[in-house]
Amino acid sequence: MAQLPAALPSLVGREKEQEQLERLADDAEASSSVAICVIGGMAGVGKTAFATTIAHRLAERFPDGQLFADLHGAGPGAEPRNPAEVLADFLQSPGRIRFVGHDHVRGVPGAAGASGHP
């Protein structure tokens, strides 16, 4: 399953960063470890475009699938998505185990049914 948005025809000016992430993925694979990357920056600088481009470049390394969530963090009138809802959407994606619903997520502020208890 791949939830990635369509690949861009090209991404200009981020070749060095793309190569760095590919090396990081290579190193993690070679050492049987996990690599976690964070992409930060102001709204509109191309974080999603960069992440989508690198995700397409690395997709074959993840044959079980790739997940994507638009967090709605920027834009006029945009409200960031509730993390519990994003997680529930991932877990309820077609081909995934369906055991968590929005009303069953506990301990996550703002989640429906959150009680503050694990």
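- Listed for the H56 side chain is a donor-acceptor partner under 3.5 Å among the backbone atoms of P5.
- Shown here is R57, whose CZ atom has more than 12 heavy atoms of other residues, nucleotides or ligands within 6.0 Å.
- Salt bridge R14/E17: present, at least one basic N to carboxylate O contact under 4.0 Å.
- Here the closest heavy-atom approach between residue L4 and residue L67 is recorded as CD2-O, 4.3 Å.
- Connection of F62 to F90 is not established within any shared hydrophobic cluster, with ILVMFWY side chains joined at heavy-atom distances below 4.5 Å, either directly or through further cluster members.
- Here R23 pairs with nothing under the salt bridge (Lys or Arg N to Asp or Glu O under 4.0 Å) rule; sequence neighbours left out.
- No side-chain heavy atom of D70 sits under 4.5 Å from any side-chain heavy atom of R81.
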Might you work through the side chain to side chain contact (heavy atoms under 4.5 Å, CB included) test for L8 and T52, ending with a clear yes or no?
CA-CA 8 Å; L8 299 172; T52 301; 5.7 Å; no

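- The environment of CD in E60 is sparse: at most 12 heavy-atom neighbours from other residues, nucleotides or ligands sit within 6.0 Å.
- Linking ILVMFWY residues whenever their side-chain heavy atoms come closer than 4.5 Å, directly or via other members, places L24 and I54 in the same cluster.
- Rounded to the nearest 0.5 Å, atoms CD (E85) and CD (Q92) are 11.0 Å apart.
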When the side chains of residues 35-49 are checked against the rest of the protein, which donor-acceptor pairs come out under 3.5 Å, sequence neighbours left out?
unit_1: K47; atom_1: NZ; unit_2: G41; atom_2: O; d: 3.1
unit_1: K47; atom_1: NZ; unit_2: M42; atom_2: O; d: 2.8

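- With hydrogens and angles ignored, the 3.5 Å screen pairs a side-chain donor or acceptor of Q3 with a backbone N or O of F68.
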